[in-house]
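So that the names make sense, note that chain A is the first sequence line, chain B the second, and so on, each numbered from 1. Keep in mind that what you see is a predicted model, and the values were worked out from it rather than measured.
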Amino acid sequence: KAGVTQTPRYLIKTRGQQVTLSCSPISGHRSVSWYQQTPGQGLQFLFEYFSETQRNKGNFPGRFSGRQFSNSRSEMNVSTLELGDSALYLCASSLEPNYNEQFFGPGTRLTVL
Amino acid sequence: ILNVEQSPQSLHVQEGDSTNFTCSFPSSNFYALHWYRWETAKSPEALFVMTLNGDEKKKGRISATLNTKEGYSYLYIKGSQPEDSATYLCASITDSWGKLQFGAGTQVVVTP
């Protein structure tokens, strides 16, 4: 069974631009969560999608948004990029939401210059 | 702000030695605790999902215990091997929506 895939793996953008990251969950998994990791911080929860609906959101500004498609693939978008958005963005999938172990993708390393 | 705290931040272990480290989390509104292992250049990998007070789980040489009343979990590595070198993350769920809140991790380095 293929694991969680994320594209692109690396991305360099400049301040003010926007970016879209993609995540394909494990086949059959319907819940997708997104996390941000910056140096010195733990994984910070961004949002979770299940059945194309955002069911949970972390404490991030509205510049961070996401969506989920009918095939459970998910995208997250960051608009008006700031230097502080430079981070590793991980997505994770699980069969169902609530308490199930999560399977993580390799991450997208975003650098904002 | 991390309500989930892990200690120590890092530790060095000699091959063959056993070690353990702690995850502290809010004891109120507890739903579940996750442990993940994150090796360099790889994705975090789930080790355990624990939900009941007194739970003990084991996977090979790694085991974990859970005390939900006092809000802590221990992870043990018995007879550490170099391949155990990784950052170990714990995450608690304290709301019914299942939102995971991660600690900053304990980095374990096992030297031969």
Side-chain angles (χ1 to χ4, degrees), chain A residues 1-7 9-10 21 23-26 29-51 53-60 64 66 87-109, chain B residues 1-10 21-26 29-52 55 57 59 62 64 66 68 73 86-107:
Chain A
K1 207 179 221 184
V4 178
T5 58
Q6 291 186 247
T7 56
R9 293 292 311 279
Y10 302 91
L21 312 182
C23 172
S24 293
I26 290 172
H29 285 195
R30 298 194 294 157
S31 174
V32 174
S33 298
W34 288 89
Y35 298 89
Q36 180 198 64
Q37 197 212 23
T38 51
Q41 296 284 324
L43 290 176
Q44 302 291 309
F45 174 78
L46 280 156
F47 23 66
E48 179 192 12
Y49 287 88
F50 175 69
S51 293
T53 301
Q54 186 184 87
R55 66 182 298 277
N56 228 332
K57 192 177 190 312
N59 296 324
F60 279 82
F64 291 81
L88 178 67
Y89 291 88
L90 289 165
C91 91
S93 74
S94 60
L95 280 167
E96 303 277 342
N98 289 343
Y99 323 156
N100 288 288
E101 67 178 292
Q102 300 200 345
F103 294 81
F104 283 84
T108 294
R109 173 74 63 185
Chain B
I1 299 175
L2 294 174
N3 291 324
V4 179
E5 297 187 355
Q6 294 187 246
S7 63
Q9 188 175 351
S10 65
F21 37 94
T22 309
C23 171
S24 300
F25 54 87
N29 298 324
F30 174 83
Y31 286 83
L33 186 90
H34 291 211
W35 280 101
Y36 292 85
R37 174 171 57 199
W38 194 357
E39 296 178 64
T40 302
K42 294 187 177 180
S43 308
E45 173 195 2
L47 288 172
F48 307 114
V49 176
M50 309 173 81
T51 57
L52 300 175
D55 239 357
K57 298 229 172 178
K59 187 184 248 186
I62 301 177
L66 179 67
T68 61
S73 175
T87 295
Y88 291 82
L89 299 170
C90 70
S92 74
I93 298 176
T94 54
D95 65 52
S96 59
W97 290 99
K99 185 166 70 177
L100 276 173
Q101 187 165 9
F102 280 85
T106 292
Q107 184 183 27

Problem set entry | Region of A:Leu88 that comes under 4.5 Å of a non-hydrogen atom in chain B |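 When you check distances to chain B, only side chain atoms of A:Leu88 fall under 4.5 Å.
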For this session: Check each atom of A:Glu101 against the heavy atoms of chain B and say whether the ones under 4.5 Å are side chain, backbone, both or neither.
Result: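 Both backbone and side chain.
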Exercise. Listed by chain and number, what are the salt bridge (Lys or Arg N to Asp or Glu O under 4.0 Å) partners of A:Arg30, not counting sequence neighbours?
Worked result: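 A:Arg30: salt bridge (Lys or Arg N to Asp or Glu O under 4.0 Å) contacts with A:Glu96.
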For this session: Kindly give the heavy-atom pair with the smallest separation between A:Lys57 and B:Lys99, and that separation in Å.
Result: O-NZ, 3.7 Å
Problem set entry | Shortest non-hydrogen separation from A:Gly105 to B:Ser43 and the atoms involved | O-OG, 2.9 Å
Which atoms of [X] come close to chain A, meaning under 4.5 Å heavy atom to heavy atom: side chain ones, backbone ones, both, or neither?
X	result
B:Leu89	side chain
B:Phe48	neither
B:Leu100	both

Exercise. Given side chains that start at C-beta, do those of B:Phe102 and A:Tyr35 come closer than 4.5 Å, heavy atoms only?
Worked result: yes
Exercise. With chain A, which of B:Pro44, B:Ala32, B:Ala41 has the greatest number of heavy-atom pairs at distances under 4.5 Å?
Worked result: B:Pro44
Exercise. Roughly how far apart are A:Gln102 CD and B:Glu45 CD, rounded to 0.5 Å?
Worked result: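 So the CD of A:Gln102 and the CD of B:Glu45 are separated by 14.0 Å.
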For this session: Could you tell me which of A:Asn59, A:Asn100, A:Asn56 has the largest number of non-hydrogen atom pairs under 4.5 Å with chain B?
Result: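 Among the listed options, the one with the most contacts to chain B is A:Asn56.
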